[in-house]
Amino acid sequence: MVPFGGYSMPLTYEGVGQVASHKHVREHAGLFDVGHMVQHMFEGPTALAFLQHITPASLSNTALESFSSTLSVLLSKEGGILDDLIITKHSDTSFYVVTNAGRRTEDLAWIEEQLREWNDAHKSEGETTHRVMEGQGLVALQGPSSAAVLAKLVPSDFDLATLTFGRSAMIALSMKGDGSGNERVLCHVSRGGYTGEDGFEISIPAEATETVTQAILDNPEVQLAGLAARDSLRLEAGMCLYGHDLDESVSPVEGALAWTVGKDRRVTGDFLGAERVLRELKEGPPRRRVGLLVSPGSPAREGTKVFTPDGKTHIGRITSGIPSPTLGQNIAMALVQNGHHKKDTPLLVEVRNKMREATVTRLPFVPNKFYRG
């Protein structure tokens, strides 16, 4: 167990090492307790407009259908990323949002401040309300067997094949692992996750969290998986971890997340931090997040310096780095000066006072296997 975001979190589980757990998720299914994440509801006649004020997401009916999700970023007034988040639209007046536990205090203070200013300025249009779903459980079922496992718990008249990547639904899940009995609980089920595999994130009422979690674990395909495997899986999938690959100094364009800025938002520019974001979209950012393949030996960990091929110019730093269990080679993500970000660009990294070769590569390192129908 390790401390994280005010919680004691499982790094690994007894009898299963990180690599074995990682491979089990890639080949079968792993269950992650992610109840530390902060779950929110934003509701009201101006909820859509408020979320489009504090993020660059496109949430209109033409851009995002009901019960669809999108990754976005919470932006400062200067255009830096305060956090990354998932926004799920239930309707134009109701949104389910998940943010990171490590940013809970900062996020809630920022949202409260912005919401107070927003509601003061939009009284005639109707207020937006914000509620943190305290005590609500959240688990992530990830891996190629995930759909078969969850299918045993959903009602017989619900076809999981209709729930494609980025879609969600309210589903009455069975509280028994074989799906028998009439005892069910209504859960918010989203198809997606943080591993690059097919999977689901399941938000569960507090009183049923342990029971539903056990029902999922009753399937022999499923193993509990901890933070260690979660980190290696997300890095292979080319996904960011806030506080490492992203922070308040990094813009969406620098973080290779320019796609989170909706096309219509680029025209209107009516979101916090738009000046910097739109400028970097037009002129290019000073830095860019890239993937690196690093030569054999000790991995290039976070903080490792990145240099030009002649070793003379310091151009960036590693933000995350591991030996990849799937690929059997060292991989890393880095923030490097613009111009050194193109695929196959040779670079050097300084590991334990020795220069090692690295090559820029496309992300993700391991192809994503999201279910798109």
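Just so it is clear, the values below take in all heavy atoms, side chains as well, and ignore hydrogens, waters and symmetry mates. We're numbering straight along the sequence, starting at 1.
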Can a donor-acceptor pair be found, under 3.5 Å and without considering hydrogens, that links the side chain of Gln39 to the backbone of Gln136? yes

Please determine whether the number of non-hydrogen atoms from other residues, nucleotides or ligands lying under 6.0 Å from atom CD of Glu65 exceeds 12. no

Nearest heavy-atom pair of Gln18 and Ala229: which atoms, and what distance? CG-N, 3.9 Å

Could you name each residue pair satisfying salt bridge (Lys or Arg N to Asp or Glu O under 4.0 Å) that touches residues 171-193, not counting sequence neighbours? Arg191-Asp198

Please walk me through it: do Glu43 and Thr129 pass side-chain hydrogen bond (donor to acceptor under 3.5 Å, both in side chains)? CA-CA 5 Å; Glu43 295 174 296; Thr129 63; 4.5 Å; no

Between Val277 and Gly79 the two heavy atoms that sit nearest each other are CG2-O, 4.2 Å

Whether over 12 other heavy atoms sit under 6.0 Å from Asp310 CG: yes

Donor-acceptor pair between Arg167 and Ser69 side chains, under 3.5 angstrom: no

Do we see a donor-acceptor contact under 3.5 Å between the side chains of Thr99 and His40? yes

Would you name the heavy atoms of Ala169 and Phe158 that are closest together and state the gap between them? CB-CZ, 4.1 Å

Is Ile111 isolated, or which residues cluster with it under the ILVMFWY side-chain rule of less than 4.5 Å, directly or via members? Phe42, Leu48, Phe50, Leu51, Ile54, Leu59, Leu64, Leu74, Leu82, Leu85, Ile87, Phe95, Val97, Trp110, Leu115, Trp118, Leu272

In plain terms, say whether Arg234 and Asp245 are close enough for a salt bridge, that is, a side-chain N and a carboxylate O under 4.0 Å apart. yes

Between Lys369 and Glu27, is the closest basic N to carboxylate O distance under 4.0 Å? no

If the threshold is 4.0 Å, N to carboxylate O, is there a salt bridge linking Arg276 and Glu254? yes

Quiz question: by atom type and distance under 3.5 Å, do the side chains of Ser324 and Thr326 form a donor-acceptor pair? no

Would you say that Leu278 contacts Arg266 through its side chain, given a criterion of any heavy-atom pair below 4.5 Å between the two side chains? yes

Cut-off 3.5 Å, side chains only: do Asn119 and His122 have a donor facing an acceptor? no

Does either side chain, that of Thr319 or that of His244, offer a donor lying less than 3.5 Å from an acceptor on the other one? no

If we count only N and O atoms by modelled type, under 3.5 Å, do the side chains of Ser295 and Arg356 hold a donor and an acceptor together? yes

Counting C-beta onward and ignoring hydrogens, is there a side-chain heavy-atom pair between Trp259 and Leu71 closer than 4.5 Å? yes

Under 30°, 30 to 60°, or over 60°: which ring-plane class applies to His188 and Tyr96, parallel, tilted or perpendicular? tilted

Can you see whether Thr62 engages Ser60 through a side-chain donor-acceptor pair at a distance of less than 3.5 angstrom? yes

Does atom CD (Glu357) have a neighbourhood of more than 12 heavy atoms from anything else shown, all under 6.0 Å? no

Between Arg317 and Asp247, is a salt bridge (Lys or Arg N to Asp or Glu O under 4.0 Å) present by the stated rule, with each step listed? CA-CA 14 Å; Arg317 59 180 174 84; Asp247 59 41; 3.7 Å; yes

Is a donor from one side chain sitting under 3.5 angstrom from an acceptor on the other, for Ser66 and Ser91? no

Between Glu127 and Lys123, is there a side-chain N and carboxylate O pair less than 4.0 Å apart? no

Please check if the number of heavy atoms outside Glu210 that lie under 6.0 Å from its CD is greater than 12. no

Show which residues join Phe307 in its hydrophobic cluster (side-chain heavy-atom contacts under 4.5 Å, direct or indirect), or state none. Leu348, Met355

In this structure, is the centre-to-centre distance between the rings of Phe67 and His90 below 6.0 Å? yes

Can you see whether Phe32 has Arg230 sitting over its ring - NZ or CZ less than 6.0 Å from the centre and within 45° of the normal? yes

Quick one, Asn330 and Ile322 - any side-chain contact, counting heavy atoms below 4.5 Å? no

Salt-bridge present (Arg26, Glu236; N to O < 4.0 Å): yes

I need the single residue from Arg287, Arg288, Glu280 that forms a side-chain hydrogen bond (donor to acceptor under 3.5 Å, both in side chains) with Asn338. Which is it? Arg288

Of all heavy-atom pairs between Arg265 and Ser58, which one has the smallest distance, and what is that distance? CG-OG, 3.6 Å

Would Asp218 and Gln214 count as having a side-chain donor-acceptor pair, cut-off 3.5 Å? yes

